[in-house]
There are 2 protein chains.
Amino acid sequence: MKRTGKARGVRPYHHGDLRRSLIDAALALVAEKQDWTFSLREITRRAGVSHNAPYNHFADGDDLLIAVAAAGFERLRDHLRAAVSGITAPDKALLACGRAYIELALKNPALYRLMCGPALAKSTGSRPAGAREAAEEARAVLEEIIRRGAQSGAFAVSPDDPLEQAKVVFFAWSVVHGLSMALLDGFAETEITLDDMVKEIERGLLKGLTPRKSSR
Amino acid sequence: MKRTGKARGVRPYHHGDLRRSLIDAALALVAEKQDWTFSLREITRRAGVSHNAPYNHFADGDDLLIAVAAAGFERLRDHLRAAVSGITAPDKALLACGRAYIELALKNPALYRLMCGPALAKSTGSRPAGAREAAEEARAVLEEIIRRGAQSGAFAVSPDDPLEQAKVVFFAWSVVHGLSMALLDGFAETEITLDDMVKEIERGLLKGLTPRKSSR
DNA sequence: ACAACGATATGGACAGTGTCCATATATGCC
DNA sequence: GGCATATATGGACACTGTCCATATCGTTGT
């Protein structure tokens with residue numbers, strides 16, 4: 001059963017796929033403790049390896065956490081794709097996308113915070129391939145919706161101005177991100193449900209606050 | 001000059017106001033390193049005290065960080081108040097408030113992250129008086145603007161429905177928070193300026209995306 | 001004024017941590 | 001087969017958070 005072996009680099013090694021095992025162990029710890037201040041050694045204990053094993057796959061502890069965040073973005077991407085698949089109306093898709101995003105963030109707050117914090121905070125250069133990539137693919141879901149809405153005339157966005165579309169994408173992303181974070185932070189003093197937030201997205205993002213037929 | 005001493009509890013002590021000194025030292029470290037992973041002992045070194053001194057004022061390291069976050073919210077509150085003072089038109093005030101918020105967040109990203117992370121993440125009970133208080137006072141600035149806009153008819157919000165107003169406040173806060181974070185996270189692939197964001201707030205929050213005179 | 005007391009700071013100690021180094025062991029290629 | 005290299009292990013060290021006992025100062029009651 002010897003593999004001809006072209007040194008792909010990303011396959012089971014001596015001890016199995018330890019890199020993946022470590023990331024999974026860390027993901028489990030984040031989910032359990034809702035925190036990522038656990039020690040690197042705790043991860044190795046859970047994975048059943050020596051306390052020095054990670055250094056063959058990660059530069060240091062932060063590097064491992066970045067990889068964990070990357071895994072989180074992959075999940076987000078898949079979740080968003082699944083949520084909007086089959087929905088053709090841009091406004092419906094936008095709401096479904098926002099709902100799915102918030103849903104996932106609230107399901108594992110610590111992981112979401114981890115994704116937003118350390119991983120993205122560091123200079124963009126040092127991020128492993130998967131992280132930036134998955135994050136951009138997640139955003140691509142939203143981009144596609146905005147683009148379709150601009151072309152169909154459902155959104156008040158010029159279909160021929162990519163920069164304007166990019167700004168709207170940025171804004172829409174910020175809205176759901178902000179909603180998620182504000183809720184995570186317990187910033188909603190009043191009881192606010194997921195449906196309330198979707199309604200607020202509809203109201204605030206689609207319709208705006210300025211009266212349609214002003215009384216002036 | 002002896003004070004009659006009614007044990008107010010919040011005045012210079014034996015060694016001066018060490019509690020405040022420690023918070024200031026930590027604030028300085030956060031600003032310098034743009035990170036809060038430094039050790040408690042490093043703070044004590046900078047403050048010139050023993051490595052055990054903090055334990056007379058804080059339960060543990062996290063407790064100190066929470067106090068640092070509280071100090072950050074006080075700054076934010078003051079900054080917002082200063083930014084909107086004297087602006088009467090609700091829509092102008094809203095934009096000025098958002099601009100000031102983002103401005104401050106971008107000036108010290110690490111502090112802003114700290115405020116949003118550990119401090120607010122923990123259960124609301126354990127937070128020191130100042131934190132929640134200052135955060136609510138900061139939000140009160142926004143609440144006031146929304147309330148005025150609702151009453152004057154500048155915003156499409158019922159002036160008699162506090163819950164509706166609360167939701168709009170929540171949404172508006174989320175928007176600026178999300179914009180700040182998205183920018184901090186380097187999420188804007190295209191070059192986006194502060195003015196761009198204010199314009200996007202105006203467009204997205206006030207006017208909305210749905211065409212006014214739809215072509216349907 | 002003075003003594004007793006509580007609050008505040010200090011130094012010592014200990015387990016746990018991150019990371020370097022040298023060493024062992026498996027894997028892939030010839 | 002044998003060798004280079006990637007992968008895992010154990011030892012070591014400085015550093016950290018936090019507990020404990022001790023020293024010092026401020027306040028309060030009398």
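Atom set for the values below is all heavy atoms of this structure, side chains included, hydrogens, waters and symmetry mates excluded. Order of the sequence lines fixes the chain letters, A, B, ..., with proteins taken first and strands second; residue numbering starts at 1 for each chain.
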inquiry  = Under the rule for side chain to side chain donor-acceptor pair (under 3.5 Å), what residues qualify as partners of B:Lys199, not counting sequence neighbours?
reply    =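 In terms of side chain to side chain donor-acceptor pair (under 3.5 Å), with neighbours along the sequence ignored, B:Lys199 is linked to no residue.
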Find the distance [X]:[atom1] to [N]:[atom2] and express it as a whole number of Å.
X       : N      : atom1 : atom2 : result
B:Leu22 : D:dG17 : CG    : P     : 13 Å
B:Asp17 : C:dT8  : CG    : C1'   : 12 Å
B:Phe38 : D:dC15 : CZ    : P     : 18 Å
B:Leu18 : D:dG26 : CG    : P     : 14 Å
A:Arg19 : D:dA6  : CZ    : P     : 16 Å
A:Leu65 : C:dT17 : CG    : P     : 15 Å
B:Phe58 : C:dA7  : CZ    : P     : 17 Å
A:Arg45 : D:dT9  : CZ    : P     : 14 Å

Extract all donor-acceptor atom pairs below 3.5 Å that involve side chains of residues 138-150 of chain A and protein atoms in other chains or at least two apart in sequence.
{"from": "A:Arg139", "atom 1": "NH1", "to": "B:Phe187", "atom 2": "O", "distance (Å)": "2.6"}
{"from": "A:Arg139", "atom 1": "NH2", "to": "B:Glu189", "atom 2": "OE1", "distance (Å)": "3.1"}
{"from": "A:Glu144", "atom 1": "OE1", "to": "A:Arg147", "atom 2": "NH2", "distance (Å)": "2.5"}
{"from": "A:Glu144", "atom 1": "OE2", "to": "A:Arg147", "atom 2": "NH2", "distance (Å)": "3.3"}
{"from": "A:Arg148", "atom 1": "NH2", "to": "A:Ile87", "atom 2": "O", "distance (Å)": "3.3"}
{"from": "A:Arg148", "atom 1": "NH2", "to": "A:Thr88", "atom 2": "O", "distance (Å)": "2.7"}

task = Kindly say if B:His57 contacts the phosphate of C:dA7, meaning a side-chain N or O under 4.0 Å from OP1 or OP2.
result = no
message = Any side-chain to backbone donor/acceptor pair from B:Arg19 onto B:Asn56? Under 3.5 Å, distance only.
response = no
Which atoms of nucleotides 19-21 of chain C (N or O only) lie under 3.5 Å from a protein N or O atom, and what are those distances?
{"from": "C:dT19", "atom 1": "OP2", "to": "A:Tyr55", "atom 2": "OH", "distance (Å)": "2.9"}
{"from": "C:dT19", "atom 1": "OP2", "to": "A:Gly61", "atom 2": "N", "distance (Å)": "3.2"}
{"from": "C:dT19", "atom 1": "O5'", "to": "A:Tyr55", "atom 2": "OH", "distance (Å)": "3.2"}
{"from": "C:dT19", "atom 1": "O4", "to": "A:Arg41", "atom 2": "NH1", "distance (Å)": "3.1"}
{"from": "C:dC20", "atom 1": "N4", "to": "A:Asn52", "atom 2": "OD1", "distance (Å)": "2.9"}
{"from": "C:dC20", "atom 1": "N4", "to": "A:Asn52", "atom 2": "ND2", "distance (Å)": "2.5"}

message = Given the structure, check if the side chain of A:Asn56 and the base of D:dA8 hold any donor-acceptor pair shorter than 3.5 Å.
response =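 Checked by distance alone, the answer is yes.
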For [X], all residues meeting salt bridge (charged side-chain N to carboxylate O under 4.0 Å, His left out), sequence neighbours excluded:
X       : value
A:Arg46 : A:Glu32
A:Asp78 : none
A:Arg41 : none

